[in-house]
Enquirer: 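So that we are looking at the same thing, I have put the structure below in structure tokens.
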Amino acid sequence: IILTGASGFLGKNILIKISKAFKNSKIFAIHNKSKITYKAKNIFPLKVNLLNKNNYSAFPDSYNTLIHLAGQKNTFLDKKSGEIQLFENIKITQLLAENAAKSNCKNIIFASSVYIYSGTEGTPFKEKIINIPNEHLGLSKFISEGIFKAGSINNLYSTISLRIFTTYGSDLGSPQFLNKAYSRIKESRFSTTFSNPSILRDFIHIEDVSE
């Protein structure tokens, strides 16, 4: 099993679960800047810059499953930063899809995003009626879903894309919304205000996502 983004908030939780659930499988935990802190006999940390095609030589020659979590996840970026995010997320997906195809990968699980719906008006959302996302993160995930879907259509592997809502949990990083909201409400004791009152969010606990 290859797990990208294994040192991130979602990745750390999934790494623990799959390590315990698949004790006889080798799990290659892909990380870049942050190290893998969870240790187990079946976990093999690999430091890989996924934007560099040459670095994929560190991957095993053959693997059964790819769980792809890595990528830039920031939202509401300016035009330049958004274009960089779009380019990098799509490039990583393309390189992973190519590697999976040649490595006899059978299954791909892709961490997509609720921001795919950012260009869709009206509720409730309908999966068959999705407009082009108007937010860079959503657009990068939308195109990435299509890349993996193309591989599935050509019978290269099976793909599941999970459009994950805002995830929270006890070890959530401080920049995340719920942590900031909690801290500000504690400081002000009674109430606080935020800059984008028109932005609505749904939340899902990290345990539910990783399960």
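Everything numeric here is computed off the predicted structure, so don't read it as measured data. Each residue takes its place number in the sequence, starting with 1. When reading the values below, keep in mind they use all heavy atoms of this one structure, side chains included, and skip hydrogens, waters and symmetry mates.
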Enquirer: In residues 203-211, what donor-acceptor pairs under 3.5 Å come from side-chain atoms, sequence neighbours left out?
Expert:
unit_1	atom_1	unit_2	atom_2	d
His205	ND1	Glu207	N	3.0
Glu207	OE1	Lys17	NZ	3.3
Ser210	OG	Ile206	O	2.9
Ser210	OG	Glu207	O	3.3
Glu211	OE1	Lys17	NZ	3.4

Enquirer: What is the distance from atom CG of Leu46 to atom OG1 of Thr4, rounded to the nearest 0.5 Å?
Expert: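 One finds 12.0 Å between CG of Leu46 and OG1 of Thr4.
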Enquirer: Calculate, to the nearest 0.5 Å, the distance between atoms CG and CD1 belonging to Asn13 and Ile18 respectively.
Expert: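 Rounded to the nearest 0.5 Å, the CG-CD1 separation comes to 11.5 Å.
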Enquirer: Donor-acceptor check, side chain of Ser7 to backbone of Lys35, threshold 3.5 angstrom: yes or no?
Expert: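 Looks like no, no N/O pair under 3.5 Å.
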Enquirer: Is there a path of hydrophobic side-chain contacts, each under 4.5 Å between heavy atoms of I/L/V/M/F/W/Y residues, joining Ile164 to Phe110?
Expert: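 No, Phe110 and Ile164 fall in different hydrophobic clusters.
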Enquirer: Indicate, with yes or no, if Leu51 and Leu69 share a hydrophobic cluster defined by side-chain heavy-atom contacts under 4.5 Å among Ile, Leu, Val, Met, Phe, Trp and Tyr.
Expert: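 No: no chain of side-chain contacts under 4.5 Å links Leu69 to Leu51.
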Enquirer: Anything under 3.5 Å between a donor and an acceptor, one on a side chain of residues 19-32, the other on a protein residue two or more places apart or in another chain? List them.
Expert:
unit_1	atom_1	unit_2	atom_2	d
Ser19	OG	Asn42	OD1	2.9
His31	ND1	Ser34	O	3.0

Enquirer: Could you tell me which residues satisfy ring pair (Phe, Tyr, Trp, His ring centres under 6.0 Å) with Phe87, sequence neighbours excluded, listed by chain and number?
Expert: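 Ring pair (Phe, Tyr, Trp, His ring centres under 6.0 Å) list for Phe87, sorted by chain: empty.
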Enquirer: Give me the ring orientation class for Tyr56 and Phe59: parallel if the planes are under 30° apart, tilted from 30 to 60°, perpendicular past 60°.
Expert: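 Correct class here is tilted.
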Enquirer: Under the ring pair (Phe, Tyr, Trp, His ring centres under 6.0 Å) test, which residues partner Tyr117, sequence neighbours left out?
Expert: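 Tyr117: ring pair (Phe, Tyr, Trp, His ring centres under 6.0 Å) contacts with Phe125.
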Enquirer: Who are the side chain to side chain contact (heavy atoms under 4.5 Å, CB included) partners of Lys73, not counting sequence neighbours?
Expert: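 Lys73: no side chain to side chain contact (heavy atoms under 4.5 Å, CB included) contacts found.
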Enquirer: Given side chains that start at C-beta, do those of Ile2 and Ile67 come closer than 4.5 Å, heavy atoms only?
Expert: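 The answer is no; the side chains never approach within 4.5 Å.
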Enquirer: Please list every donor-acceptor pair under 3.5 Å in which a side-chain atom of residues 135-152 meets a protein atom from a residue at least two apart or in another chain.
Expert:
unit_1	atom_1	unit_2	atom_2	d
Glu135	OE1	Leu137	N	2.8
Glu135	OE2	Phe76	N	2.7
Ser140	OG	Asn89	ND2	3.1
Ser140	OG	Leu137	O	2.8
Lys141	NZ	Ala111	O	2.9
Ser144	OG	Thr93	OG1	2.9
Ser144	OG	Ser140	O	2.8
Glu145	OE1	Arg163	NH2	2.7
Glu145	OE2	Ser112	OG	2.7
Glu145	OE2	Arg163	NE	3.0
Ser152	OG	Phe148	O	3.4
Ser152	OG	Tyr157	O	3.2
Ser152	OG	Thr159	N	3.3
Ser152	OG	Thr159	OG1	2.7

Enquirer: For Asp61, is the CG atom crowded, meaning more than 12 foreign heavy atoms sit under 6.0 Å from it?
Expert: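 Not buried by this count: 12 neighbours or fewer within 6.0 Å.
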Enquirer: Apply side chain to side chain contact (heavy atoms under 4.5 Å, CB included) to the pair Tyr63 and Ile1, showing each step before the final yes or no.
Expert: CA-CA 6 Å; Tyr63 51 91; Ile1 302 171; over 6 Å; no
Enquirer: For Ser158, give me all partners under side chain to side chain donor-acceptor pair (under 3.5 Å), at least two apart in sequence or on another chain.
Expert: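 With neighbours one apart ignored, the set is empty.
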Enquirer: Just verifying a value: how many Å separate Glu88 CD and Leu50 CG, rounded to the nearest 0.5 Å?
Expert: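 That separation rounds to 11.0 Å.
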Enquirer: In chain order, what residues pass the side chain to side chain donor-acceptor pair (under 3.5 Å) check against Asn104, with sequence neighbours excluded?
Expert: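 Not a single residue meets the side chain to side chain donor-acceptor pair (under 3.5 Å) criterion with Asn104.
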Enquirer: Membership question, hydrophobic clusters at under 4.5 Å side-chain separation (ILVMFWY): are Leu15 and Phe44 in the same one?
Expert: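 Unlinked, Phe44 and Leu15 end up in two clusters.
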Enquirer: If you round to the nearest 0.5 Å, how far is OG of Ser118 from CD1 of Ile132?
Expert: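 Answer rounded to 0.5 Å: 10.0 Å.
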Enquirer: So with a 6.0 Å cut-off around CD1 of Ile16, is the heavy-atom count from everything else above 12?
Expert: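 More than 12 heavy atoms, drawn from other residues, nucleotides or ligands, come within 6.0 Å of this atom.
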Enquirer: Asn55: what forms a side chain to side chain contact (heavy atoms under 4.5 Å, CB included) with it, not counting sequence neighbours?
Expert: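 For Asn55, the residues satisfying side chain to side chain contact (heavy atoms under 4.5 Å, CB included) (neighbours in sequence not counted) are Val48, Asn49, Asn52.
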Enquirer: Not counting sequence neighbours, which residues clear side chain to side chain contact (heavy atoms under 4.5 Å, CB included) with Lys102? List them please.
Expert: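 Only Asn99 meet the side chain to side chain contact (heavy atoms under 4.5 Å, CB included) criterion with Lys102.
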Enquirer: Mind checking what makes side chain to side chain contact (heavy atoms under 4.5 Å, CB included) contact with Asn131, not counting sequence neighbours?
Expert: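 Once residues adjacent in sequence are excluded, the partners of Asn131 under the side chain to side chain contact (heavy atoms under 4.5 Å, CB included) criterion are Thr120.
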Enquirer: Is the backbone N or O of Asn74 less than 3.5 Å from a side-chain atom of Gln85, with the two atoms forming a donor-acceptor pair by type?
Expert: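 Confirmed, Gln85 side chain pairs with Asn74 backbone.
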Enquirer: Look at the side chain of Ser103 and the backbone N and O of Cys105, then say whether any donor-acceptor pair between them is shorter than 3.5 Å.
Expert: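 Between the backbone of Cys105 and the side chain of Ser103 there is no qualifying donor-acceptor contact (under 3.5 Å).
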Enquirer: Clusters formed by hydrophobic residues whose side-chain heavy atoms approach within less than 4.5 Å: which one holds Ile84, and what are its other members?
Expert: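 For Ile84, no cluster forms, as it stays isolated from other hydrophobic side chains.
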Enquirer: Should Leu66 and Ile109 be regarded as members of a common hydrophobic cluster, given that ILVMFWY residues are connected when their side-chain heavy atoms come within less than 4.5 Å of each other, either directly or indirectly?
Expert: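 The answer is no; the residues belong to distinct hydrophobic clusters.
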Enquirer: Is there a path of hydrophobic side-chain contacts, each under 4.5 Å between heavy atoms of I, L, V, M, F, W or Y residues, that connects Tyr115 with Ile92?
Expert: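 No: no chain of side-chain contacts under 4.5 Å links Tyr115 to Ile92.
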Enquirer: So which atom in Ala100 and which in Ile108 form the shortest heavy-atom distance, rounded to 0.1 Å?
Expert: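 For Ala100 and Ile108, the tightest heavy-atom pair comes out as CB-CD1, 4.0 Å.
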